[in-house]
Amino acid sequence: MLTNSLPPASSVPHLRDVFAQNPKRFDEFSRNACGITFDFSKQRVTTEIFDALLKLADDKNIKGWRTRMFAGERINTSEDRAVLHVALRAAKNSDIPYVNDVHATKERFLDFAQNVRSSSKFTDILCIGIGGSDLGPRMVVKALSHLETPFNLHFISNVDASALTSALKKCDPATTLIIIASKTFTTIETMMNARTAVAWLTNALGTNAIADHCVALSTNEKAVNDFGIKPNHMFAFADWVGGRYSLWSCIGLPIAISYGADVFEDLLRGARDMDDHFRTAPHDQNIPVLMGLLGVWNRNILGCPTHMILPYDDRLSLFVKHIQQVDMESNGKVVMRDGGVVHDKTGPQIFGEPGTDSQHSFMQLVHQGSDIIPVDFIACAKPDHNFSDHHAELLSNMLAQARALAFGQTLDEAGGDESRVFNGNRPSTVILLPRLDAYSLGALIAAYEHKVFTQGIIWGLNSFDQPGVELGKILAKPISHALRAGSVLSDTDSSTSGLMKLISS
Ligand code: F6P
């Protein structure tokens with residue numbers, strides 16, 4: 001149990017006191033890498049605890065496991081696969097396996113992107129995918145939306161056809177490129193959306209239109225060919241790329257089409273530099289390791305079941321959705337790599353929304369609720385607009401929220417009104433990017449990826465499979481079959497059958 005190897009939470013004075021005792025706490029507990037500042041000083045740790053956490057990283061052999069990942073060892077044990085999303089952004093002369101293959105594929109899909117951008121054939125890009133084949137590219141396109149793009153992008157993920165029908169109303173088949181992104185090319189939602197979109201295309205232009213208007217991003221060449229997309233319009237990636245870690249591969253084609261190859265390369269470069277930092281920095285300077293260790297401290301010693309991410313930048317409004325999959329699909333498990341059941345609590349529930357909006361919805365609970373919710377604030381020192389007063393107001397609110405969570409307000413300061421007492425002592429990290437450019441975004445995403453890796457090793461998990469998503473898919477099949485036939489399952493529970501009767505009536 002981690003509680004046996006770490007000091008108790010009670011060993012940490014209130015944040016008010018630790019800051020009063022050490023005026024240089026910010027200097028002692030903030031770090032910088034890839035131009036990004038990570039201020040951990042409002043985390044509830046002392047130097048003694050910090051040292052104990054660093055010892056935990058050594059005891060759990062983070063360094064050894066990191067070396068195994070970058071060397072391409074099959075650490076995804078249940079699927080007998082390597083975990084090499086780092087190869088997707090590695091330099092050509094890197095020692096990481098498969099970089100030559102990666103660069104060859106990257107050149108192909110970036111050339112394709114540039115051809116789409118230089119032709120005047122397309123106005124709309126319909127991106128069909130779900131989970132890791134959607135969240136990453138969609139998030140990056142939104143995050144860099146201050147950049148010019150000549151295209152209207154439509155991301156379709158849900159099998160609920162309301163999104164697809166709404167998008168198709170805005171598109172002209174003659175000027176629409178359909179990108180079908182699916183690692184397996186078997187995911188029900190994606191394949192159903194793809195068939196409906198392709199029918200829309202061919203009804204208007206004939207089946208020959210598929211050749212020029214459809215692109216497939218997948219590992220499954222046979223399924224792509226069976227679907228009717230030719231090899232010259234298929235871009236592949238390897239099975240050692242996890243879906244939630246795949247935006248760096250050809251799955252990122254929507255990014256390259258939107259903003260060009262140079263921006264996509266900047267995104268990769270930011271992630272590459274964070275990879276190098278993760279590989280080489282001593283653990284007391286290593287930002288992803290420290291993010292992971294502090295997350296373990298909050299999860300396993302402070303007993304916090306949730307972890308909140310508050311981007312104070314509206315362009316990062318999809319960032320939390322992406323990190324939800326990266327974190328919760330990786331570490332939302334209780335069975336360890338060796339098949340045993342974990343002894344400790346594992347992956348936290350990740351949620352959050354942009355500030356300042358969150359201040360007007362759920363921050364009441366975060367400030368005065370009965371549970372402590374550790375927070376990552378993310379902000380950019382410089383905006384990509386000219387309204388400096390807006391930006392000052394935005395950042396002031398972010399800083400104030402972090403202060404209020406940490407230091408609270410005493411009864412005296414609240415004028416004797418109990419309802420205005422803020423206990424404070426609520427931990428947060430402030431992550432400050434110089435500005436929201438592709439490089440900084442790539443570094444930020446990679447930092448979170450490696451935080452999740454670090455925590456998975458500490459908890460003894462295989463962070464790279466997702467068995468928990470399979471049962472729902474299996475149970476849905478007979479229900480879908482029955483509902484499409486207008487009937488009800490006989491051999492099921494009374495709730496499901498009762499609801500099916502209502503749906504089918
Ligand atoms: O949620 C399960 C999952 O397999 C994710 O891991 C994956 O990103 C998503 O479904 C989509 O899978 P695919 O890219 O194969 O369509």
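Each ligand, and each atom within it, is numbered from 1 in the order the structure gives.
Heavy-atom contacts from other residues, nucleotides or ligands closer than 6.0 Å to CG of Asp262 number 12 or fewer.
A side-chain donor from one of Gln43 and Asn298 sits under 3.5 Å from a side-chain acceptor of the other. Judged purely by distance below 3.5 Å, without hydrogens or angles, the side chains of Asn220 and Thr184 never pair a donor atom with an acceptor atom.
Scanning the protein heavy atoms around atom 12 (O) of ligand 1, the nearest turns out to be Thr187 OG1, 3.5 Å. Atom 10 (O) of ligand 1 has its closest protein heavy atom at Lys473 NZ, 4.4 Å. In terms of protein heavy atoms, atom 11 (C) of ligand 1 is closest to Ile130 O, 3.3 Å. In this structure, atom 14 (O) of ligand 1 lies nearest to the protein heavy atom Ser133 OG, 2.6 Å.
Heavy-atom proximity to atom 6 (O) of ligand 1, evaluated over Glu189, Glu329, Arg244, is greatest for Glu329.
Of the charged side-chain nitrogens involved, at least one lies within less than 4.0 Å of a carboxylate oxygen, so that Lys222 and Asp226 count as a salt-bridged pair. Between Arg66 and Glu73 no salt bridge is recorded (no basic side-chain N to carboxylate O distance below 4.0 Å).
Only the side chain of Val469 comes within 4.0 Å of ligand 1, counting heavy atoms alone; its backbone N, CA, C and O stay farther away.
Remark: aromatic rings of His233 and Phe112 are close, center separation under 6.0 Å.
Residue Thr190 places no N or O, backbone or side chain, under 3.5 Å from any N or O of ligand 1. Taking distance alone, with nitrogen or oxygen atoms compared against 3.5 Å, Gly132 approaches ligand 1 more closely than that limit.
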